[in-house]
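My structure is below; once you've seen it, I'll send some questions.
Each chain gets a letter, A, B and so on, in the order the sequences are listed, and its residues count up from 1. No hydrogens, no waters, no symmetry mates; every other heavy atom, side chains included, goes into these values.
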Number of protein chains: 4
Amino acid sequence: MPRKTQEESQETRKNILECAKRLFSKRGYERTSLSDIAKYSGVSRGAIYWHFESKEDLLVNLVEYVDVNTEGVRYFFESASPSEQDPLSKLKAFVLCIFSEELSEFFNSSFVNMLIGISNGFSGNEDARAKLAELDKQRMDQLSKIIMNCVAKGQLPKNLNIRAATEHLAVFMSGIFFQTRMKNTDALKKYYSQIVDMEIEQLKLLVQS
Amino acid sequence: MPRKTQEESQETRKNILECAKRLFSKRGYERTSLSDIAKYSGVSRGAIYWHFESKEDLLVNLVEYVDVNTEGVRYFFESASPSEQDPLSKLKAFVLCIFSEELSEFFNSSFVNMLIGISNGFSGNEDARAKLAELDKQRMDQLSKIIMNCVAKGQLPKNLNIRAATEHLAVFMSGIFFQTRMKNTDALKKYYSQIVDMEIEQLKLLVQS
Amino acid sequence: MPRKTQEESQETRKNILECAKRLFSKRGYERTSLSDIAKYSGVSRGAIYWHFESKEDLLVNLVEYVDVNTEGVRYFFESASPSEQDPLSKLKAFVLCIFSEELSEFFNSSFVNMLIGISNGFSGNEDARAKLAELDKQRMDQLSKIIMNCVAKGQLPKNLNIRAATEHLAVFMSGIFFQTRMKNTDALKKYYSQIVDMEIEQLKLLVQS
Amino acid sequence: MPRKTQEESQETRKNILECAKRLFSKRGYERTSLSDIAKYSGVSRGAIYWHFESKEDLLVNLVEYVDVNTEGVRYFFESASPSEQDPLSKLKAFVLCIFSEELSEFFNSSFVNMLIGISNGFSGNEDARAKLAELDKQRMDQLSKIIMNCVAKGQLPKNLNIRAATEHLAVFMSGIFFQTRMKNTDALKKYYSQIVDMEIEQLKLLVQS
DNA sequence: TATGAATGAGCATTCATTCAT
DNA sequence: CATGAATGAATGCTCATTCAT
């Protein structure tokens with residue numbers, strides 16, 4: 001039975017995306033068939049092809065959809081606001097968040113892992129890869145803005161090597177992200193606040209030579 | 001077809017493993033068919049089934065094979081030797097190595113990425129996953145031994161939280177590993193020695209409370 | 001969406017038929033989807049279903065439409081007129097026409113070829129086939145009328161076997177049609193007028209025994 | 001159950017080709033699925049893919065197979081033999097054959113009609129088309145050789161325009177072929193020998209100017 | 001030991017058709 | 001009159017696996 005209104009159509013689309021996200025996350029891109037997605041979302045395979053041109057097109061759209069609809073990411077974006085008076089605290093707060101169940105949920109999901117598979121070329125296609133590279137760049141730029149904000153507010157040295165500091169933070173955060181997934185951060189948890197302080201302190205050493 | 005000697009048989013087996021490694025790395029596990037491997041290694045599909053029970057069995061054997069035959073890993077193992085008088089320097093040297101083309105080659109290969117895919121459940125099977133978890137545990141234990149060596153030699157505090165320190169190092173190293181793959185460590189390179197010093201310095205703060 | 005007038009509706013119908021003709025001709029019946037036709041004619045798939053019951057119904061209607069609207073066919077029909085005083089010359093003129101770019105255009109089109117496919121049972125359905133058989137019969141009858149006209153005007157023998165003469169002409173004309181399509185009539189062109197004379201001369205031998 | 005010997009394998013291949021010929025003939029290329037062929041020949045779909053790379057590859061191989069295995073075609077080829085003392089009679093005999101049930105069986109089959117569909121671009125692919133064009137050329141060349149044989153033996157004028165005569169014969173034969181398929185040669189049958197004589201007589205007029 | 005032949009389940013995709021709006 | 005949304009059956013094709021030789 002064909003859906004009627006535009007609204008219902010959009011709901012169908014969203015539903016397909018949500019189900020695809022769940023299944024791709026659980027079983028990976030290659031191991032999830034469109035049949036699975038159709039069954040899981042209660043529509044016909046044809047319906048998926050009405051909304052998306054192909055399985056890979058579904059993936060590209062999914063990457064975009066997930067990016068826009070992830071709470072944590074919005075939060076991350078806010079911390080670079082020029083009106084923020086204490087960006088360093090905000091930054092620390094944000095980094096601390098990664099450990100939290102709430103935010104780490106997304107970063108630790110196997111969906112993200114699937115995205116890594118795409119980045120590295122054994123899932124999806126060039127379109128999806130390009131989209132992901134773009135999003136990664138956006139994240140790095142955002143991180144740079146946060147750091148520049150800290151410099152502007154006098155919380156980090158004027159002659160800080162912005163790019164190096166950004167990369168250092170990225171290294172730390174992705175290390176946490178990675179080891180948490182490997183269940184190798186349990187003993188670290190109680191030192192976490194202290195560690196984040198140290199990492200931020202380290203940033204100050206990365207000055208222009 | 002001619003009977004082959006045991007030696008020749010072993011060579012066939014090794015050849016299949018090498019080719020599988022290359023193809024799995026390039027195209028991923030799911031996207032590589034046994035046909036591909038057969039064609040690439042110049043044997044018939046049937047031959048693969050003589051040496052391995054199934055595609056997944058091939059994968060499990062491959063994980064083991066690769067682990068044993070990777071140069072960098074051997075190097076890593078040596079640094080925990082009790083006879084080592086300056087383990088902290090060796091540790092630093094090892095960590096610095098990750099940045100080097102030579103050692104990072106393996107960690108950064110898409111083969112490792114495939115392994116991550118297995119760890120996260122969208123490639124391979126439980127056997128492969130168990131094998132990998134075991135290897136990861138071995139690495140962490142190795143890292144712990146190195147750190148304990150440093151404590152024994154008086155280079156790290158007696159009351160160090162060994163597990164936390166191990167995890168901290170793992171976080172840092174995997175962060176480097178990850179961001180390097182994302183091409184996000186260029187600006188960081190010139191500070192690298194300095195950063196490693198700081199990270200090791202940080203370890204000293206992770207003491208038993 | 002706006003109600004359209006009957007005129008506009010007829011234009012839509014005609015437009016669909018024209019586009020179907022073009023696409024069926026180029027790609028064949030099976031390889032042309034209703035989607036293609038819809039896209040090409042700028043209407044929705046649903047619109048096609050408003051004008052035609054099914055894809056096959058569209059085909060049947062198309063056969064009729066094309067027959068009525070082909071210039072060359074009209075010309076052919078005129079040559080049987082009882083008021084024609086020199087039908088044999090007209091016949092010769094018509095046969096000569098087949099070689100001409102103008103008339104052979106239609107007979108040589110892949111659209112006609114598609115029709116042959118229908119005749120032979122691997123496109124369309126029984127309705128379309130019946131329609132085509134009827135049209136073929138009309139052509140043969142027309143040819144018979146032309147020949148009878150020649151007999152009536154004393155240009156062919158009184159005891160001519162009309163059916164045999166008709167078939168003989170049809171054999172010749174379809175042979176030309178076929179080989180022209182195969183690009184096998186180039187050397188024949190300069191003898192063409194002569195050959196047509198001979199063929200017509202041959203007709204005179206097909207008398208009742 | 002896998003076939004064992006090479007002989008059995010060749011039989012399977014031949015069987016698939018025979019069944020494909022029958023089904024393509026009855027239903028046309030597009031309307032025959034590989035499932036149909038598999039079912040009809042009692043093998044699995046996979047077996048077809050073992051012997052042929054794709055559906056189109058099956059078609060190309062089929063064209064070749066049919067060409068080689070058609071009795072009438074062999075007969076046709078023999079008539080150009082230089083040792084033949086009365087090639088004109090042989091030619092006439094051959095042309096008469098087309099009308100016969102035996103030889104016309106193949107030419108009138110819907111399989112041949114399918115081939116026409118391929119020639120005209122709405123079945124199969126470029127490979128199949130090229131193969132057919134090649135075969136058509138071979139036929140025309142063969143016809144030319146027969147005619148040259150007649151010239152050599154003094155049965156046709158020395159200054160005959162060989163190409164034009166070849167084309168004229170082709171026109172006649174394909175016209176017969178075509179109209180017979182359309183069931184439009186019944187009345188012509190009793191004049192057939194006479195008509196063939198006339199056609200051959202006509203050839204003598206196609207001399208170099 | 002190793003191969004070639006064959007199987008069969010599963011997959012992405014296409015498409016004629018339906019129908020509420 | 002016409003559209004956009006949805007269905008579901010069918011299709012070409014891939015591939016892990018089996019097995020007689």
Side-chain angles (χ1 to χ4, degrees), chain A residues 1-6 8-13 30-38 43-56 58, chain B residues 1-6 8-9 12-13 30-38 43-56 58, chain C residues 1-6 8-9 12-13 30-38 42-51 53-56 58, chain D residues 1-6 8-13 30-38 43-56 58:
Chain A
M1 39 195 130
R3 279 297 184 288
K4 303 144 199 181
T5 65
Q6 273 208 340
E8 277 175 308
S9 167
Q10 281 311 301
E11 252 171 58
T12 302
R13 192 190 128 97
E30 327 278 349
R31 295 204 160 174
T32 303
S33 73
L34 290 189
S35 254
D36 293 336
I37 297 172
V43 299
S44 68
R45 237 167 311 173
I48 299 177
Y49 277 93
W50 175 258
H51 289 284
F52 308 97
E53 280 180 8
S54 65
K55 194 186 180 187
E56 307 221 295
L58 168 59
Chain B
M1 310 301 137
R3 297 273 147 160
K4 298 240 174 123
T5 63
Q6 272 209 341
E8 280 174 311
S9 167
T12 302
R13 191 191 129 97
E30 327 280 345
R31 297 202 160 172
T32 304
S33 72
L34 289 189
S35 253
D36 293 333
I37 297 172
V43 299
S44 71
R45 242 162 309 175
I48 299 178
Y49 276 93
W50 200 90
H51 289 284
F52 307 97
E53 281 181 8
S54 67
K55 195 186 179 187
E56 307 221 297
L58 168 60
Chain C
M1 308 297 141
R3 294 276 148 156
K4 297 238 175 127
T5 65
Q6 273 208 340
E8 280 174 310
S9 167
T12 301
R13 192 190 128 96
E30 326 280 347
R31 296 200 162 175
T32 304
S33 73
L34 289 189
S35 253
D36 293 334
I37 297 172
V43 299
S44 71
R45 243 163 307 177
I48 298 179
Y49 276 92
W50 199 92
H51 288 285
E53 280 181 7
S54 67
K55 195 187 179 186
E56 307 221 297
L58 168 59
Chain D
M1 27 166 159
R3 279 297 185 287
K4 304 144 200 177
T5 65
Q6 271 209 341
E8 277 176 308
S9 168
Q10 281 311 302
E11 251 172 59
T12 301
R13 192 191 129 97
E30 326 279 348
R31 295 203 161 173
T32 303
S33 73
L34 290 187
S35 255
D36 293 335
I37 297 172
V43 298
S44 69
R45 238 168 312 172
I48 299 179
Y49 277 93
W50 175 259
H51 289 284
F52 308 97
E53 280 181 7
S54 67
K55 193 186 180 187
E56 308 222 294
L58 168 59

Residue-phosphate contact under 4.0 Å: A:S33 side-chain N/O, E:dC11 OP1/OP2: yes
Non-hydrogen atoms of D:S44 and D:A38 that approach each other most closely: C-CB, 4.0 Å
Which whole-number value in Å describes the distance from A:R31 CZ to F:dA16 P? 11 Å
On the nucleotide F:dA6, are OP1 or OP2 found under 4.0 Å from the side-chain N or O atoms that A:T12 carries? yes
How about D:W50 and D:R13: do any of their side-chain heavy atoms sit closer than 4.5 Å? no
Which listed nucleotide (F:dA2, F:dT18, E:dT18) is nearest to the side chain of B:Y49? F:dT18
How close or far is atom P of E:dC15 from atom CD1 of C:I48, stated in whole angstroms? 13 Å
The answer to which of C:S54 and B:S44 contacts DNA chain E further toward the 5' end, by nearest nucleotide, is B:S44
Taken to the nearest whole Å, CD/A:E30 to P/F:dA16 is 12 Å
Can you check the D:L58 CG to F:dT11 P distance for me, whole Å? 15 Å
Mind calculating the distance between CD (D:E11) and C1' (E:dA6) to the nearest angstrom? 15 Å
A:G46 vs B:G46, nearer the 5' end of DNA chain F by closest nucleotide: A:G46
Taking every heavy atom of B:T12 against every heavy atom of B:V43, the minimum-distance pair comes out as CG2-CG1, 4.0 Å
Determine: side-chain N/O of B:H51 to OP1/OP2 of E:dA2, distance under 4.0 Å, yes or no. yes
Taking all heavy atoms of C:T32 and all of C:K55, pick out the closest pair and write down the distance. O-NZ, 2.9 Å
Output the single nucleotide from E:dT1, F:dT17, E:dA16 whose closest atom is nearest the side chain of B:L34. F:dT17
Both D:A47 and A:K55 contact DNA chain E. Taking the nearest nucleotide for each, which residue is further toward the 5' end? D:A47
State whether A:S35 places a side-chain N or O below 4.0 Å from either non-bridging phosphate oxygen (OP1 or OP2) of E:dA12. no
Could you report the tightest heavy-atom contact between D:L34 and D:L58, atom names first, then the distance? CD2-CD2, 4.1 Å
Tell me the partner of F:dG4, counting only Watson-Crick (N1-N3 plus N6-O4 or O6-N4) or G-U wobble (N1-O2 and O6-N3) with both under 3.5 Å; none if nothing fits. E:dC19
Where the side chain of D:R45 is concerned, which of F:dG12, E:dA16, F:dA6 is the nearest nucleotide? F:dG12
Measure from CH2 on D:W50 to C1' on E:dA5 and round the result to the nearest Å. 6 Å
Closest to the D:V43 side chain, choosing from E:dT7, F:dA16, E:dA6: E:dT7
